[in-house]
Structure formats: structure tokens, C-alpha cells
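Along the sequence shown, the residues carry numbers beginning at 1.
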Amino acid sequence: MKVEIVTENNIWQYMPILNADEFDGITAGRYTCFGAYDEVNELPIGVATAQVFPKQIRIHRIYTVPDHRRQGVASELLRVMTDLPEDVKLHFTIVCFDASDDYDFLAHRGFKEMPSDFTYITSDLSNMKDVQVPAKLRVGIDLMPMDRAPVPALESFILSSQHDVILQFPEFELDTERFSDASIVCQLNGQISAAIMLEEFSDTIQVTWFGGTDGRSIYCSFYMLKQALESEFDTSQSIRVLLHKNKGLDAIEKVFHSVETHPVRFFAL
């Protein structure tokens with residue numbers, strides 16, 4: 001087994017075990033990926049992907065092909081990935097949404113669970129209510145996808161609102177490449193008054209952040225969000241909403257017929 005950095009030159013070897021998020025992130029230069037390769041059988045047997053932020057290195061996924069599990073592949077990938085020069089003081093972090101994640105694996109390799117103020121709700125597109133927005137509520141309102149919004153104004157609006165730099169904006173800036181073009185921006189009388197920032201993953205659509213200066217703008221934004229999602233996805237499309245200190249939970253409960261709430265677990269090395 002050899003462990004190597006996955007680049008544009010060898011990424012084709014790992015295509016069978018990379019997901020779409022990883023492929024896009026690697027080719028765009030946002031993700032660093034290490035691959036484990038079985039040179040005898042000429043097959044990829046594992047990958048580990050991470051992203052470097054100003055104050056942390058976020059490990060997104062460590063994956064081993066089922067037939068090669070419990071053979072030290074994941075441990076070796078993690079060892080190589082975390083072998084940094086002594087002058088690099090960044091912590092490695094892992095965010096766990098899936099209850100089936102192997103927490104013992106992390107604990108045995110030095111990761112410690114950290115306090116978390118995050119929860120997330122899960123539902124699907126069929127559970128979104130048909131939000132009705134009377135004409136009088138739309139007076140002065142202009143709704144648009146993110147790619148039509150002025151980026152400097154949108155960044156200023158989000159970063160001057162309540163936001164988190166651990167999960168929601170670890171870049172300490174608005175990375176428009178990270179967020180979906182289906183993200184919604186609302187202007188009231190020409191000024192940005194609300195936004196819903198989405199990320200598209202291979203298994204779910206995530207509402208990573210939403211906020212606004214008034215309830216009308218937020219309400220209208222969710223009205224457009226449902227329309228935008230219905231135009232692109234099947235009604236079975238899963239949706240995850242990330243919440244920090246449960247901010248916005250009351251609004252989410254008004255938008256969905258039913259939701260399930262789960263804790264976000266956070267580990268650091």
C-alpha cells in the first residue's frame with residue numbers, strides 16, 4: 001500500500017471511491033486529499049479529505065473500501081494527513097452528523113470530543129409547507145438567487161449578522177464557491193434584508209446559515225427557496241438545516257410540517 005496526495009495527475013485512479021463533493025473540491029483546490037493505493041492489485045483502497053481554514057484543518061471524510069477495513073488503511077491515512085511541521089499550530093477538527101460514525105476510532109487516535117452548541121434538523125422537500133405570500137407582503141421585496149446578488153454587500157450583511165466561525169463560516173469570509181447558486185437573497189427597498197445560504201452535498205441539501213433583519217424578508221425568502229428546490233429536485237430530496245444555539249428553530253418549525261432534531265458532534269486533535 002502506498003499513500004499519496006491526490007492531484008489532477010492521479011485523481012482518475014481514485015474516481016471509484018471519491019464522491020462528487022470531493023472531486024469538485026480537489027479540482028477547485030479547496031480540498032487536500034490523500035489516497036491509499038494497492039499497488040499489487042492496482043486499486044484505490046481509501047481516501048481522506050480535508051480543508052485548511054484560518055484557525056483549523058477540517059477533516060471532511062476518511063473512507064476505506066469495505067474489503068480493506070481493519071487493515072490499518074484509515075489509520076495510515078490519518079497519520080500521514082496529521083503529520084505537520086512543528087511550526088503549524090492548527091487543530092484538526094471533525095464534525096459528525098451521522099450517528100453511525102466510528103467515535104471509538106477517533107478517540108483511540110487522540111481526538112477529543114469538544115462542547116458543541118450546534119444541532120441540525122432533518123426533513124425532506126415533501127415536508128416543506130406551501131408558504132403563501134400575499135401581494136401586500138411582497139411590497140418592496142426583491143428575491144434573487146445568490147449569483148445575482150452583489151457579493152460585497154451580501155458578505156457584509158452576513159458577517160455583520162449573528163454567525164459562527166466554527167461550522168457556518170470557518171473561512172472568516174463569504175466563500176461563494178462553497179455555497180450553492182440556489183442560495184436565496186432578499187432585498188427590501190434595495191437593501192439586503194435576508195439570506196438563506198445553501199450547500200449541496202451528495203446526500204443532502206444543507207441550509208448552513210439563514211438570517212434577516214425582519215420576519216417578512218425571511219418568510220419571503222423561504223417562499224422562494226421552496227420554489228427553487230422544487231424546480232431542481234425530487235420531493236424526496238433530503239434537507240438538513242444547521243442551527244447554532246437553536247437560533248432560527250422557531251422559523252424552521254413554521255416552514256416544515258415535521259422535523260427531526262439531532263446533535264452535531266465535534267472532535268478536535
Side-chain angles (χ1 to χ4, degrees), residues 1-7 10-11 13-26 30-41 43-53 55-86 88-122 164 166-168 170 199 201-204 206 208 238 240 242-244 260-269:
M1 174 182 74
K2 70 173 179 180
V3 174
E4 59 186 348
I5 295 179
V6 179
T7 67
N10 62 4
I11 195 171
Q13 294 178 330
Y14 294 93
M15 288 296 288
I17 59 175
L18 290 173
N19 60 38
D21 310 323
E22 290 166 332
F23 178 79
D24 291 342
I26 294 166
R30 289 188 297 117
Y31 287 0
T32 298
C33 179
F34 291 85
Y37 196 78
D38 181 346
E39 295 177 284
V40 175
N41 297 305
L43 291 171
I45 56 177
V47 290
T49 55
Q51 189 171 5
V52 179
F53 294 116
K55 293 191 176 182
Q56 59 179 301
I57 299 175
R58 171 71 46 76
I59 297 175
H60 288 283
R61 189 172 75 124
I62 303 172
Y63 174 77
T64 304
V65 172
D67 288 345
H68 290 268
R69 289 173 183 169
R70 301 190 181 279
Q71 298 175 19
V73 176
S75 295
E76 182 63 10
L77 284 167
L78 186 60
R79 185 195 68 78
V80 172
M81 175 178 281
T82 57
D83 184 20
L84 297 177
E86 290 187 2
V88 177
K89 303 300 183 183
L90 296 178
H91 289 290
F92 283 87
T93 61
I94 296 178
V95 178
C96 297
F97 293 103
D98 191 340
S100 66
D101 287 338
D102 190 350
Y103 303 125
D104 288 340
F105 172 84
L106 299 177
H108 290 159
R109 285 150 186 84
F111 281 85
K112 297 186 182 299
E113 185 163 7
M114 309 301 289
S116 174
D117 291 326
F118 292 93
T119 54
Y120 66 98
I121 70 99
T122 55
D164 162 78
I166 299 297
L167 293 189
Q168 294 174 327
E199 291 185 79
F201 298 113
S202 56
D203 59 344
T204 193
Q206 177 172 290
T208 300
S238 66
R240 179 170 69 208
L242 183 63
L243 299 174
H244 183 225
E260 295 181 7
T261 304
H262 311 270
V264 176
R265 299 184 69 175
F266 185 72
F267 296 81
L269 176 68

Can you check whether [X] reaches [Y] side chain to side chain, under 4.5 Å on heavy atoms?
X    : Y    : result
I166 : F118 : yes
F111 : Y103 : no
E22  : Y14  : no
I57  : T32  : no

* To do: Sequence neighbours left out, what passes side-chain contact (heavy atoms from CB on, under 4.5 Å) with D21? Give chain and number order.
  =>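 Residues passing side-chain contact (heavy atoms from CB on, under 4.5 Å) with D21: N19, F201, S202.
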* **A107: side-chain contact (heavy atoms from CB on, under 4.5 Å) partners, not counting sequence neighbours** =>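 A107 satisfies side-chain contact (heavy atoms from CB on, under 4.5 Å) with no other residue.
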Over all atoms of both residues, closest heavy-atom pair of [X] and [Y]:
X   : Y   : answer
D67 : Q71 : O-NE2, 3.1 Å
R58 : Q56 : NH2-OE1, 2.6 Å
V6  : I26 : O-CG2, 4.0 Å
I62 : A74 : CG2-CB, 3.8 Å

* Please determine, by modelled atom types, if Q206 and T208 share a side-chain donor-acceptor pair under 3.5 angstrom. =>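 A donor-acceptor contact under 3.5 Å links the two side chains.
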* Do H60 and Q51 get their side chains close enough for a donor-acceptor pair, meaning under 3.5 Å? ->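 Their side chains do contain a donor-acceptor pair, which is all the 3.5 Å distance test asks for.
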Output the distance between atom [atom1] ([X]) and atom [atom2] ([Y]), rounded to the nearest 0.5 Å.
X    : Y    : atom1 : atom2 : answer
R30  : D24  : CZ    : CG    : 7.5 Å
I94  : M114 : CD1   : CE    : 13.0 Å
L269 : T93  : CG    : OG1   : 10.0 Å
E4   : N10  : CD    : CG    : 4.5 Å
Y31  : I59  : OH    : CD1   : 13.0 Å
L78  : D83  : CG    : CG    : 11.0 Å

Under 3.5 Å, side-chain donor or acceptor atoms of residues 33-41 against the rest of the protein: list the pairs with distances, not counting sequence neighbours.
| residue | atom | partner | partner atom | Å |
| --- | --- | --- | --- | --- |
| Y37 | OH | E42 | O | 3.1 |
| D38 | OD1 | V40 | N | 3.0 |
| D38 | OD1 | N41 | N | 3.2 |
| D38 | OD2 | N41 | ND2 | 2.8 |

* Under 6.0 Å between ring centres, would you say that holds for F97 and Y120? ->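 Yes; Y120 has its ring centre under 6.0 Å from that of F97.
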* Kindly say whether D164 contributes a backbone atom to a donor-acceptor pair with the side chain of Q168 at under 3.5 angstrom? =>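 Such a contact is found between Q168 side chain and D164 backbone.
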* **Any donor-acceptor pair under 3.5 Å from T204 side chain to S238 backbone** =>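 Pair found, side chain donor or acceptor close to backbone of S238.
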* For K2, does the NZ atom have more than 12 heavy-atom neighbours from other residues, nucleotides or ligands under 6.0 Å away? ->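 More than 12 within 6.0 Å, yes.
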